[in-house]
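Working notes, beginning with the structure itself.
In this chain, residues are counted from 1 in sequence order.
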Amino acid sequence: MKIVSYEHVSGIRGGVLIDDTVYDLELLLQGSSQAVHGATTSVREFLELYGDRLEAISAEVSALAGQDPEAHVGARADIRLTTPVPNPSKVLCIGLNYKDHVAETGRALPEYPDVFAKFSSTMVGPEDEIGGAKVSENLDFEGELAVVIGRKASEVTEEEALNYVAALAPLNDVTARDLQYRGTQWLAGKAVDGSTPWGPALVTLDEVGDPQNLDLATRVNGIEVQRSNTSYQIFPIARIASYLSSFLTLEPGDVIATGTPQGIGAKRNPPVWLEPGDTVEVEIDKVGLLRNTVGKPQL
């Protein structure tokens, strides 16, 4: 199942993407055998209510779409998709999670996941421009796999951690390197408004299969700049989720960016920085293609 958020006259609503057609999530669920009482207008509300039964709903959605014409929203090309989970309560990121990326930074392999945070104000959708050109001359790309939590998770074991993962999505952890390198903390370079696109859809694990065997590629203006596979992650998704849940409670809709492989612009010779008008793509096998353009500085 591919879960999206889309613009509607009533506000941002949750939807399902089936064969390039968007269906309203709340209306679709009315005919589901899994339906429970409660509002499901947003993706976050949907995950709060249905995060423990996504596979069962996923198995029904195609049939449900054919049964309820009122749930039909329109062709994907005619619908504006937004950030998949508007206003997530937490956006957690893992740095230095691919051995080749650690090597290009000159650091030692981490013993534990290197965790930092973003804010919901940094997150934009698959049709938005990448922000940051006004405040940074050193915008850098970082293609990543994002994980979205579907169930409340506290102190879960690594063996059970994937049961708390709802879905996956491509994410571009665009970083303002000049801001990042001003101090010892990464926050300034990672928290620029509107700098982190992700989406277009949340793809549930039943469609993806093994999340630790997914090809990932990043392209700038059609030129490949990163290529790897999630099998090369130092800390796999299950270990990351378990580790994070050991000291904070993960909630439905929380986002975890799982790190980028080698090839970032800052470590190239000469460095490669994103410029206004550049197109950046992050493509992940079985998960999707994210394509955004770097916006011009807003005066």
### Query
Do you reckon L289 sits in the same ILVMFWY cluster as L216, going by side-chain contacts under 4.5 Å, direct or chained?
no

### Query
Of the non-hydrogen atoms in G277 and N221, which two are nearest, and what is the gap between them?
O-OD1, 4.5 Å

### Query
Quick one: does N213's side chain have a donor or acceptor within less than 3.5 Å of a partner on D210's backbone?
no

### Query
With distance as the sole test, does D68 use its side chain to make a donor-acceptor pair with the main-chain N or O of L28 at under 3.5 Å?
no

### Task
Answer whether the closest heavy-atom distance between the side chains of C93 and V115 falls below 4.5 Å.
no

### Task
Without swapping roles, check the side chain of E144 against the backbone of G259 for a donor-acceptor pair under 3.5 Å.
yes

#### Entry: Inter-residue atom distance T175.OG1 - Y181.OH, 0.5 Å rounding
8.5 Å

### Query
Under a single-linkage definition using a 4.5 Å side-chain heavy-atom cutoff for Ile, Leu, Val, Met, Phe, Trp and Tyr, are I264 and L139 assigned to the same hydrophobic cluster?
no

### Message
So that I can tick it off, tell me whether K267 and E104 are bridged by a salt bridge, with the cut-off set at under 4.0 angstrom between side-chain N and carboxylate O.
### Response
no

#### Entry: Any side-chain heavy-atom pair of R13 and L25 under 4.5 Å
no

### Task
Flag yes if more than 12 heavy atoms outside K152 fall under 6.0 Å of its NZ atom; otherwise flag no.
no

### Query
Around atom CZ of F247, are there more than 12 heavy atoms of other residues, nucleotides or ligands at under 6.0 Å?
yes

### Task
Take R219 and E283 through the test salt bridge (Lys or Arg N to Asp or Glu O under 4.0 Å) and record every step on the way to the result.
CA-CA 8 Å; R219 294 181 289 271; E283 186 167 16; 2.7 Å; yes

### Query
Which heavy atom of P211 sits nearest a heavy atom of L145, and at what distance?
O-CD2, 4.3 Å

### Message
A side-chain contact here means heavy atoms from C-beta on lying under 4.5 Å apart; do D128 and R80 qualify?
### Response
yes

#### Entry: Given T260, T196, T258, the one that forms side chain to side chain contact (heavy atoms under 4.5 Å, CB included) with L171
T196

### Message
Once rounded to the nearest 0.5 Å, what's the spacing between atom CD of E158 and atom OG of S246?
### Response
11.5 Å

### Message
Would you compute the distance between atom OG1 of T184 and atom CG of L187 and round it to the nearest 0.5 angstrom?
### Response
11.5 Å

### Query
Can R44 and D254 be counted as an ion pair, charged N to O under 4.0 angstrom?
no

### Summary
Heavy-atom closest pair (A153 atom, Y164 atom, distance to 0.1 Å) is CB-CD2, 3.6 Å

### Task
May I ask you to decide whether E207 forms a salt bridge with K2, counting only side-chain N to carboxylate O separations under 4.0 Å?
yes

### Heavy-atom donor-acceptor pair, R151 side chain to N163 backbone, under 3.5 Å
yes

### Query
Hey, is D173 close enough to K118 for a salt bridge, meaning N to O under 4.0 Å?
yes

### Query
Side chain of T83, backbone of M123: donor and acceptor closer than 3.5 Å?
no

### Query
Would L17 end up clustered with V61 when hydrophobic side chains under 4.5 Å apart are linked, directly or stepwise?
no

#### Entry: Separation of Y98 OH from Y232 OH (nearest 0.5 Å)
11.0 Å

### Task
Check whether any side-chain heavy atom of E55 sits under 4.5 Å from a side-chain heavy atom of T204, and report yes or no.
no

### Query
Quick one: are V22 and V16 in side-chain contact, heavy atoms under 4.5 Å?
no

### Query
Quick check: does any side chain N or O of N172 sit under 3.5 Å from a backbone N or O of E142, one acting as donor and the other as acceptor?
yes

### Query
Within the side chain of E60, is there an N or O that forms a donor-acceptor pair under 3.5 Å with the backbone of I57?
no

### Task
Flag the pair V102 / I234 as yes when at least one side-chain heavy-atom distance between them is below 4.5 Å, and no otherwise.
yes

### Separation of L248 CG from L250 CG (nearest 0.5 Å)
5.5 Å

### Query
Would one find more than 12 heavy atoms of other residues, nucleotides or ligands at under 6.0 Å from atom CG of D285?
yes

### Query
If you draw a 6.0 Å radius around CD1 in I223, do more than 12 non-hydrogen atoms from other residues or ligands fall strictly inside?
no

### Task
State plainly whether one hydrophobic cluster holds both L290 and L274, where clusters connect Ile, Leu, Val, Met, Phe, Trp and Tyr through side-chain heavy atoms under 4.5 angstrom apart.
no

### Query
Transitively linked via ILVMFWY side-chain contacts under 4.5 Å: Y243 with L162?
yes

### Message
Would the distance check show the side chain of S136 and the main-chain N or O of A133 forming a donor-acceptor pair, the cut-off being under 3.5 Å?
### Response
no

### Query
Between I240 and N97, is a side chain to side chain contact (heavy atoms under 4.5 Å, CB included) present by the stated rule, with each step listed?
CA-CA 10 Å; I240 291 169; N97 197 31; 3.7 Å; yes

### Query
Any side-chain heavy-atom pair from E251 and S89 closer than 4.5 angstrom?
yes

### Message
Nearest 0.5 angstrom please: F46 CZ to T41 OG1, how far?
### Response
12.5 Å

### Message
Whether the side chain of D140 engages the backbone of R177 through a donor-acceptor N/O pair (distance < 3.5 Å, no angle test) should be reported.
### Response
no

### Message
Please give me the minimum heavy-atom distance between V156 and S242, naming the atom from each residue.
### Response
O-OG, 2.7 Å

### Task
For residues T279 and N292, determine if any side-chain heavy atom of one lies less than 4.5 Å from a side-chain heavy atom of the other.
no

### Message
Tell me whether E224 at atom CD has more than 12 heavy atoms from other residues, nucleotides or ligands lying less than 6.0 Å away.
### Response
yes

### Task
Could you tell me which non-hydrogen atom of G288 sits nearest to which non-hydrogen atom of P170, and how far apart they are?
O-CG, 3.4 Å

### Query
Are the charged groups of R76 and E127 less than 4.0 angstrom apart, N to O?
yes

### Task
Answer yes if the side chains of Q226 and Q262 hold a donor-acceptor pair under 3.5 Å, and no otherwise.
no

#### Entry: CA sep, side-chain torsions, deciding dist, call: V148, V85, side chain to side chain contact (heavy atoms under 4.5 Å, CB included)
CA-CA 9 Å; V148 176; V85 182; 4.3 Å; yes

#### Entry: Distance-minimising heavy-atom pair for L49 and A39
CD1-O, 3.4 Å

### Task
List the steps and the verdict of side chain to side chain contact (heavy atoms under 4.5 Å, CB included) for T293 and D278.
CA-CA 6 Å; T293 300; D278 284 349; over 6 Å; no

#### Entry: Check: S154 main-chain N/O paired with S245 side-chain donor or acceptor under 3.5 Å
no

### Task
Given side chain to side chain donor-acceptor pair (under 3.5 Å), test D19 with T21 step by step and report yes or no.
CA-CA 6 Å; D19 296 331; T21 300; over 6 Å; no

### Message
Check this for me: E137, atom CD, are more than 12 non-hydrogen atoms of other residues, nucleotides or ligands nearer than 6.0 Å?
### Response
no

### V280 vs T218, side chain to side chain contact (heavy atoms under 4.5 Å, CB included): CA-CA, chis, key distance, verdict
CA-CA 7 Å; V280 190; T218 307; 4.2 Å; yes

### Query
Given Y6 and D24, is the side chain to side chain donor-acceptor pair (under 3.5 Å) satisfied, shown in steps?
CA-CA 9 Å; Y6 70 95; D24 186 84; 2.6 Å; yes

